[in-house]
Amino acid sequence: DTIHISSSGNTSNGNEDVCHLLFQSFNNDASGKIEARVLSVDTGKSSLTFRNNLDPGSPQLLLSLSADSLVNFSYRETQEDVFTSSLNTIKINLPCWLQLKKNNDRYIAYTSTDNIFWTAFDSLEISLGNFPYVGVAITANDSTTANAYLDSINVSIDVPVFSMGSLSAKNINDETAKLSWTAVNET
């Protein structure tokens, strides 16, 4: 299903955000990602984001796609600080895929034209607290209304894989068995 997100007001590049944000909480101890296919952005920019809190000046990072099809990575390290933009900017044809991957406090931005082959665009190490939020944002660059159309928005959390190193069982009373094993982390 296609999702239409709209917003008006000045951009979220200052020390306070003016945007429309679709979000959910994310376990900070987990590794995972958010990805979406951006179909169109008419003005302003559409972004994938991880953020510390829901305050307008929250520490956060944004993987953004502007109306002129430029991809940019920016971040705010402390509450109500101004955004810092990466020096990397690329132009990409629409529709395109954007992905922000989280591994502890390391975030990697990716782009793709087909959702098969991904290109790492930029990365950043930033602490976003114990319970960050993940989501999609749209912001206008002025007082007009910005519109973005996205589909295939996906948030996933990586689950560590374990194998049992050794397993033993002991009969307790012909109805219950005590199982013991050592786990080996394979992530």
Side-chain angles (χ1 to χ4, degrees), residues 1-26 33-102 107-115 118-124 126 128-129 132-156:
D1 290 344
T2 300
I3 296 175
H4 170 227
I5 307 170
S6 63
S7 177
S8 62
N10 210 352
T11 186
S12 61
N13 281 337
N15 59 357
E16 288 193 357
D17 306 326
V18 179
C19 66
H20 188 146
L21 176 66
L22 303 176
F23 66 91
Q24 70 181 51
S25 61
F26 195 88
K33 65 185 175 186
I34 179 171
E35 63 185 24
R37 184 168 69 152
V38 182
L39 303 172
S40 68
V41 180
D42 66 358
T43 62
K45 61 184 175 181
S46 180
S47 305
L48 301 183
T49 183
F50 278 91
R51 58 188 295 134
N52 175 263
N53 57 58
L54 298 176
D55 293 337
S58 173
Q60 65 180 296
L61 54 100
L62 298 166
L63 174 59
S64 302
L65 177 67
S66 63
D68 54 0
S69 300
L70 293 176
V71 178
N72 180 267
F73 194 51
S74 57
Y75 59 95
R76 179 188 297 135
E77 288 191 79
T78 59
Q79 189 73 30
E80 297 181 6
D81 197 2
V82 295
F83 268 92
T84 300
S85 288
S86 163
L87 296 178
N88 297 332
T89 300
I90 61 168
K91 189 166 181 85
I92 194 166
N93 293 325
L94 294 177
C96 72
W97 290 84
L98 299 178
Q99 181 184 96
L100 263 178
K101 193 174 272 190
K102 176 189 182 310
Y107 296 84
I108 305 171
Y110 294 89
T111 61
S112 175
T113 56
D114 59 11
N115 195 28
W118 291 89
T119 302
F121 173 68
D122 209 338
S123 65
L124 175 70
I126 185 172
L128 294 177
Y133 295 90
V134 60
V136 177
I138 178 92
T139 186
N141 289 329
D142 51 31
S143 60
T144 63
T145 299
N147 295 284
Y149 293 88
L150 302 97
D151 68 6
S152 304
I153 299 171
N154 181 39
V155 175
S156 61

- Query: Say you draw a straight line from CG of D42 to CD1 of I138; how long is it, rounded to the nearest 0.5 Å?
  - Reply: 7.0 Å
- Task: Report the distance from atom CD1 of I108 to atom CG of L100, rounding to the nearest 0.5 Å.
- Result: 10.0 Å
- Query: Which atoms form the tightest heavy-atom contact between S123 and F73, and what is the distance?
  - Reply: C-CE2, 3.9 Å
- Query: Is there a side-chain contact between K33 and S156 (heavy atoms, below 4.5 Å)?
  - Reply: yes
- Message: Measuring from atom CG of N88 to atom CG of D122, what distance do you get when rounded to the nearest 0.5 angstrom?
- Response: 4.5 Å
- Message: Closer than 3.5 angstrom, by distance alone: can the side chain of R51 be matched with the main-chain N or O of N53 as a donor-acceptor pair?
- Response: yes
- Query: Do K101 and W118 have side-chain heavy atoms sitting under 4.5 Å apart?
  - Reply: no
- Could you tell me whether the side chain of D81 reaches within less than 4.5 Å of the side chain of Y75, counting heavy atoms only? no
- Which atom names give the shortest non-hydrogen contact between L62 and S47, and what distance separates them? CD2-CB, 3.8 Å
- Task: Could you tell me whether the side chain of L54 reaches within less than 4.5 Å of the side chain of Y133, counting heavy atoms only?
- Result: yes
- Item | Over all atoms of both residues, closest heavy-atom pair of R76 and I126 | O-CD1, 3.7 Å
- Is the closest side-chain heavy-atom distance between T111 and C96 below 4.5 Å? no
- Could you tell me whether the side chain of H20 and the main chain of S6 form a donor-acceptor pair under 3.5 Å? yes
- Specify the closest pair of heavy atoms between L94 and L39, including all atoms of both residues, with the distance to one decimal. CB-O, 3.9 Å
- Item | ring-ring contact (aromatic ring centres under 6.0 Å, His included) contacts in which one or both residues fall within residues 34-68, not counting sequence neighbours | F26-F50, F50-Y107
- CZ (F121) and OG (S112) are apart, to the nearest 0.5 Å, by 14.5 Å
- Return yes if some donor-acceptor pair links the side-chain N/O of S58 with the main-chain N/O of N52 below 3.5 Å, else return no. yes
- Query: Is any side-chain heavy atom of N93 less than 4.5 Å from a side-chain heavy atom of T113?
  - Reply: no
- Query: How far apart are the closest heavy atoms of S8 and A140, and which atoms are they?
  - Reply: CA-CB, 4.2 Å
- Task: Please check if the side chain of T49 supplies one atom and the backbone of L61 the other of a donor-acceptor pair under 3.5 Å.
- Result: yes
- Message: Side chains of V136 and I3, heavy atoms from C-beta outward: is any pair under 4.5 Å?
- Response: no
- Item | Test item: V41 and S66 side chains (from C-beta on) under 4.5 Å apart, heavy atoms | no
- Which atom names give the shortest non-hydrogen contact between D1 and D151, and what distance separates them? O-CB, 3.5 Å
- If you measure from CG on L22 to CD1 on I34, what distance do you get to the nearest 0.5 Å? 9.0 Å
- Message: For the backbone of D68 and the side chain of K91, can you confirm whether one donor and one acceptor N or O come within less than 3.5 Å of each other?
- Response: yes
- Atom pair CG (N72) and CD1 (I90), whose distance is rounded to the nearest 0.5 Å: 10.5 Å
